[in-house]
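The next block holds one structure in the form of structure tokens; read it before the comments.
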There are 2 protein chains.
Amino acid sequence: MELGERKRKILEAIVTDYIETAEPVGSRTIAKKYLTDISPATIRNEMADLEDLGLLEQPHTSAGRIPSDRGYRYYVDQIMEIKYPSPQEIEKIKYMLQIQTINELDKIIKRTTKLISDITKYTSAVLTPSVRKSSIRSLQLIRVSDYDIVAVVVTDTGIIKNVVIKSPNAVDDSKILKLNNLLNEKLSGLTINDIGLTVISDIQSHMREYSEIFSAIISVVYESLKEDDAEVYLEGTTNIFEYPEYDDKDKAKTFLSFIEDKKLLTNVFAEDTNNFCVYIGCENENDKIKDCSIVKATYNIADKTAGTIGIIGPKRMDYARVIGILKSISNVLSEVFEKTL
Amino acid sequence: MELGERKRKILEAIVTDYIETAEPVGSRTIAKKYLTDISPATIRNEMADLEDLGLLEQPHTSAGRIPSDRGYRYYVDQIMEIKYPSPQEIEKIKYMLQIQTINELDKIIKRTTKLISDITKYTSAVLTPSVRKSSIRSLQLIRVSDYDIVAVVVTDTGIIKNVVIKSPNAVDDSKILKLNNLLNEKLSGLTINDIGLTVISDIQSHMREYSEIFSAIISVVYESLKEDDAEVYLEGTTNIFEYPEYDDKDKAKTFLSFIEDKKLLTNVFAEDTNNFCVYIGCENENDKIKDCSIVKATYNIADKTAGTIGIIGPKRMDYARVIGILKSISNVLSEVFEKTL
DNA sequence: GTCAGCACTCATTAATCACGAGTGCTAATC
DNA sequence: GATTAGCACTCGTGATTAATGAGTGCTGAC
């Protein structure tokens with residue numbers, strides 16, 4: 001859709017003002033604050049056109065205009081310029097994500113989540129990498145007692161996963177050692193999807209003597225690795241109370257109950273075909289968040305997309321700023337992982 | 001404080017009715033629903049006495065009475081009879097906590113948390129055991145690459161904890177094996193508090209050859225085990241919207257922001273001198289929850305108190321029922337752990 | 001094409017009033 | 001002396017009304 005220069009300016013003014021004030025924007029306001037050389041009457045005519053085009057809405061006759069979902073979309077795609085954090089701010093972000101004594105994946109991610117919600121003042125969600133998409137760096141069995149084994153899997157994405165196994169027969173250290181060597185040799189470097197019947201029966205052929213223990217172990221480990229285990233971290237859930245759109249109790253409840261359902265949340269923030277996405281209002285599939293917007297970006301570990309970071313908030317969102325922040329943090333995060341994992 | 005039989009009856013009626021309706025209770029209501037053989041006027045006199053005693057409050061002159069914090073306390077301590085779940089319900093709880101393919105500590109606890117909030121309709125919180133109070137069942141080092149080691153600690157309480165270690169020198173499998181044997185021999189059965197300088201230097205004396213690697217490892221592992229790592233699981237946070245006391249936006253916000261702060265939450269739900277506790281309103285130390293009540297109970301693993309389960313909700317809480325449920329679930333949980341860990 | 005002027009719409013706020021639930025007090029009754 | 005009927009009084013709630021003002025669409029002049 002091609003819009004004249006003046007219409008673009010007016011749409012921009014309305015989005016900007018509405019994002020700031022949360023009040024419908026009238027023609028007089030625009031004429032006074034944004035476009036001082038046009039009269040309110042002219043602006044009214046243009047606004048009527050923009051409403052016909054589906055880019056603006058009027059809550060009621062005697063109110064100003066607010067952007068429609070399509071209006072926000074047009075603003076994001078065609079008008080807005082991304083506001084990236086300043087170099088100083090980026091340094092600060094780097095600093096925040098690096099100073100930690102223990103560089104575990106979880107801690108870095110937890111910290112990132114908090115950082116995002118602190119900076120943006122929206123609710124942030126970060127998805128951890130999933131074992132399914134990682135490849136195995138090391139798989140080690142630990143004998144805890146005669147019948148208790150713990151399998152520890154370390155992936156190239158830094159995940160450490162423990163699987164508890166009850167063995168049908170007693171195991172001793174030498175058996176464990178043999179199994180360990182074999183499993184590591186055969187499985188390192190593979191992704192979960194690579195592990196198929198061929199690989200398993202190959203290992204099995206080398207392990208005839210312990211076949212019973214082996215099949216107990218391999219099935220539990222395989223099941224456990226196969227399940228979708230991407231976790232989602234949340235921060236700043238109470239930030240929504242700062243926005244008048246959630247003054248209504250039901251609105252707040254709907255939002256929070258969506259947020260509380262980790263399954264839904266994981267789906268929404270899961271990886272996309274693009275490594276950067278904005279969903280505005282009704283563009284969201286889930287009804288509960290049809291009046292929210294979501295911005296998300298992926299981050300990399302070991303040079304492949306591993307998880308996503310994102311925020312969820314009211315449609316009246318400072319897109320230019322939020323998008324700049326998320327893109328920057330996603331880069332910093334990928335860098336941090338490169339260094340520390 | 002000794003109360004006459006009639007005053008007890010009236011207090012009970014007021015608490016019961018107020019818990020059910022969330023409306024201040026008037027003398028007429030009591031006379032009609034609870035104590036049909038006394039006139040409203042008499043009840044009014046008694047209510048005035050109960051108010052003088054600090055057990056009742058009046059929101060405003062022309063309203064009925066509501067229980068004060070002390071009124072609830074008197075009810076809980078002296079009047080109420082705990083309502084335990086029926087045997088059938090307990091069977092159902094057992095069933096819910098047992099049917100899981102993988103019996104990991106986390107999963108059982110997560111499920112318990114959900115179960116509590118589902119049954120009680122309040123917000124539930126469950127604290128995991130802490131490594132600090134457990135003893136070490138097995139400590140195993142895994143060599144991931146030349147300089148990357150992961151230490152896996154399994155405790156008697158079923159915790160599996162991973163610690164990532166960057167070694168200053170390259171390590172090979174034989175070194176790891178020696179270290180493993182030694183560490184296991186020296187540390188199994190000890191609690192974190194047992195590990196002091198004596199133990200460490202004892203191990204060190206057996207490990208002169210690898211002293212550099214060893215001290216890198218032991219300090220990181222020790223630090224990591226020492227930190228307070230009890231996690232808190234939450235469920236049913238949006239349940240509060242069902243209760244009119246949180247209709248007010250600020251009330252809801254205060255509650256939810258308290259809930260969001262995992263540090264505060266952990267402190268509040270942390271173990272107590274008693275293995276069962278009720279905190280009503282201003283009995284809570286934290287100002288943010290001065291109009292909430294908390295009920296919590298401990299559960300056992302390996303015959304010692306390991307963590308706590310609890311709920312948080314409005315003071316107007318069905319104490320008799322909630323207490324019965326929590327006590328039962330705490331027992332079932334301890335049983336489940338005995339069987340599966 | 002632009003814009004001043006004007007009639008019209010409609011959400012918001014304050015003010016007023018009637019209603020009713022509930023109390024405390026007094027005086028009569030058991 | 002305890003109980004209770006009767007009554008005046010309090011005060012939150014909800015409905016009604018009216019004034020206000022922000023904003024629009026339309027007309028007609030420049």
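Predicted, not measured: the structure shown is a model, and the values here were computed from it.
- A salt bridge does not link A/Asp69 with A/Lys290: none of the charged nitrogens is closer than 4.0 Å to a carboxylate oxygen.
- The residue among B/His60 and B/Arg6 whose nearest nucleotide of DNA chain D lies closer to the 5′ end is B/Arg6.
- Distance CG (B/Asp49) to P (D/dA2): 11 Å, rounded to an integer number of Å.
- One interatomic measurement links the two molecules: CG of B/Leu56 to P of C/dG24, which rounds to 11 Å at whole-angstrom precision.
- Residue pairs meeting the side-chain hydrogen bond (donor to acceptor under 3.5 Å, both in side chains) criterion with at least one member in residues 236-247 of chain B, sequence neighbours excluded, are A/Lys249-B/Asp247, A/Lys253-B/Glu242, A/Glu260-B/Thr237, A/Glu260-B/Thr238, B/Glu245-B/Arg316.
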Can you give me every donor-acceptor pair (side chain of residues 320-330 of chain A, partner residue at least two apart or in another chain, under 3.5 Å) with its distance?
from: A/Arg321; atom 1: NH2; to: A/Ile119; atom 2: O; distance (Å): 2.6
from: A/Ser328; atom 1: OG; to: A/Gly324; atom 2: O; distance (Å): 2.8
from: A/Ser330; atom 1: OG; to: A/Thr298; atom 2: O; distance (Å): 3.0

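- When the C1' atom of C/dC3 is taken as reference, atom CD1 of A/Ile43 falls 11 Å away, rounded to whole Å.
- Separating the NZ atom of B/Lys32 from the P atom of D/dT4 is a distance of 17 Å, rounded to the nearest angstrom.
- For B/Tyr319, the ring pair (Phe, Tyr, Trp, His ring centres under 6.0 Å) partners two or more places apart in sequence, or in a different chain, are B/Tyr72.
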Once base and sugar-phosphate atoms are separated, protein heavy atoms under 4.0 Å mark nucleotides 19-30 of chain D, 5' to 3', with B, S and - as ---BSBB-----
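- Pairs passing the salt bridge (Lys or Arg N to Asp or Glu O under 4.0 Å) check and including a residue from residues 274-286 of chain A, sequence neighbours excluded, read A/Arg73-A/Glu283.
- Taking the ring pair (Phe, Tyr, Trp, His ring centres under 6.0 Å) definition, one finds that B/Phe269 meets it with nothing, sequence neighbours left out.
- Nucleotide C/dC30 holds its P atom 19 Å from the CD1 atom of B/Ile38, rounded to whole Å.
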